[in-house]
Amino acid sequence: MKNTPKLFISTAEAQKKLEYYCSYQERCHSEVIKKLQQLGIPQNQVDEIVVYLIQENFLNEERFARSFARGKHRISFWGKNRILAELKFRNISSYNIKKAMEELPDELYYDTFEKISVYKWESTTDKNPLNKKKKVMDYLYRKGYESDMIYSKIQELDRV
């Protein structure tokens with residue numbers, strides 16, 4: 001393993017770097033802490049910088065969680081299960097996860113599910129009906145949609 005030299009930068013320089021880092025895109029606390037550790041900032045200064053970023057509104061975990069949920073659903077078509085797992089992986093509080101899930105209205109959620117399930121069903125060209133069902137189910141499950149929704153949709157699409 002190659003040893004990389006630690007960068008020695010002042011707290012003020014680190015604050016400026018992290019201001020840009022947080023203003024470029026919404027970040028969660030764990031991403032900011034990881035970035036500060038990569039810069040070689042001591043732990044006591046990491047805490048100071050994180051507090052500063054929160055006070056100056058560069059860092060807001062509720063805003064991050066809401067933005068993350070909206071973006072992943074609208075752009076990547078993720079379901080609630082996958083979004084929930086990713087937010088938990090980033091150590092987001094249950095309160096903020098609940099707020100993030102409010103960003104996915106039922107109508108939008110079901111419309112998206114309908115569109116991607118029909119698209120995947122029509123684009124899967126497997127001749128064996130069981131293989132086709134399995135491929136579509138696996139795809140929708142990886143996207144993070146609920147098993148009961150997937151199962152009923154596959155039954156509906158198979159009848160058509």
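Not measured: the values here are computed from a predicted model.
Contacts of Asp106 classified as salt bridge (charged side-chain N to carboxylate O under 4.0 Å, His left out), with partners at least two apart in sequence or in another chain: Lys80. In this structure Ile54 satisfies the side-chain contact (heavy atoms from CB on, under 4.5 Å) test together with His29, Val50, Leu59, sequence neighbours excluded.
Clustering ILVMFWY residues whenever any of their side-chain heavy atoms sit less than 4.5 angstrom apart, transitively, puts Leu87 in a cluster other than the one holding Ile33. In terms of hydrophobic clustering, with Ile, Leu, Val, Met, Phe, Trp and Tyr side chains grouped at heavy-atom distances under 4.5 Å, Tyr110 and Tyr119 are assigned to different clusters. Residues Leu39 and Phe58 share a single hydrophobic cluster, defined by chaining ILVMFWY side chains whose heavy atoms lie under 4.5 Å apart. A continuous path of hydrophobic side-chain contacts links Tyr145 to Tyr151 [ILVMFWY only; heavy atoms under 4.5 Å]. Under the 4.5 Å side-chain heavy-atom criterion for ILVMFWY residues, a single connected hydrophobic cluster contains both Phe77 and Val136.
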Task: side-chain hydrogen bond (donor to acceptor under 3.5 Å, both in side chains) evaluation trace for Asn44 with Glu48 - done: CA-CA 7 Å; Asn44 62 337; Glu48 287 176 30; 5.0 Å; no

TODO: Give the intermediate values and the outcome of side-chain contact (heavy atoms from CB on, under 4.5 Å) for residues Ile83 and Met101.
DONE: CA-CA 9 Å; Ile83 293 169; Met101 290 301 150; 3.6 Å; yes

- [ ] Might you work through the side-chain contact (heavy atoms from CB on, under 4.5 Å) test for Phe113 and Lys143, ending with a clear yes or no?
- [x] CA-CA 10 Å; Phe113 175 74; Lys143 285 288 190 180; over 6 Å; no

- [ ] For the pair Lys134 and Asp138, evaluate salt bridge (charged side-chain N to carboxylate O under 4.0 Å, His left out) and give the outcome as yes or no after the intermediate values.
- [x] CA-CA 6 Å; Lys134 180 170 179 7; Asp138 289 348; 2.7 Å; yes

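Residue Glu107 qualifies as open at atom CD: its count of foreign heavy atoms under 6.0 Å is 12 or below. Under a cut-off of 6.0 angstrom, the local environment of NZ in Lys17 is sparse, with at most 12 non-hydrogen atoms contributed by other residues, nucleotides or ligands. Atom OH of Tyr141 is surrounded by 12 or fewer heavy atoms from other residues, nucleotides or ligands within 6.0 Å.
By the 4.0 Å N-to-carboxylate-O rule, Glu31 lies too far from Lys35 to be salt-bridged with it. Looking at Glu19 and Lys16, a side-chain N of the basic residue comes within less than 4.0 Å of a carboxylate O on the acidic one, giving a salt bridge.
Considering NZ of Lys34 and CG of Leu36, their distance stands at 12.5 Å, rounded to 0.5 Å. Considering CH2 of Trp121 and CG of Asp158, their distance stands at 4.5 Å, rounded to 0.5 Å. Rounding to the nearest 0.5 Å places OG of Ser94 at 9.0 Å from NZ of Lys88. Between Asp126 atom CG and Thr124 atom OG1 the span is 8.0 Å, to the nearest 0.5 Å.
Counting only heavy atoms from C-beta outward, the side chains of Lys120 and Lys135 never approach each other to under 4.5 Å. Side-chain contact between Lys133 and Leu157 is absent, with no heavy atoms from C-beta onward closer than 4.5 Å. In this structure, the side chains of Arg66 and Glu62 come closer than 4.5 Å at one or more pairs of heavy atoms. For the pair Leu108/Arg74, a side-chain contact is recorded, criterion being any heavy-atom separation below 4.5 Å from C-beta on. Within the 4.5 Å cutoff, the side chain of Phe64 has heavy atoms near those of the Ile92 side chain.
Arg63 places a side-chain N or O within 3.5 Å of a backbone atom of Asn57 that can act as its donor or acceptor partner. For Arg90 (side chain) and Cys28 (main-chain N/O), no donor-acceptor pair under 3.5 Å exists by modelled atom type. In this structure, Ser117 contributes its side chain and Glu114 its backbone to a donor-acceptor pair below 3.5 Å.
The aromatic rings of Phe68 and Trp78 sit perpendicular, their planes meeting at an angle over 60°, well past the 30° parallel limit.
Cys22 and Leu53 make their closest contact through SG-CD1, 4.2 Å (heavy atoms, listed as atom of the first residue, atom of the second, distance). When all heavy atoms of Glu146 and Asn81 are compared, the closest pair comes out as CA-ND2, 3.9 Å. For Ala100 against Ala69, the heavy-atom pair with the smallest separation is O-CB, 3.5 Å. Closest non-hydrogen pair, Leu104 versus His73, comes out as CD2-CB, 3.5 Å. Contact between Asn91 and Glu61 at its shortest, heavy atoms only, is O-OE1, 4.1 Å. When all heavy atoms of Ile49 and Ala14 are compared, the closest pair comes out as CD1-CB, 3.6 Å.
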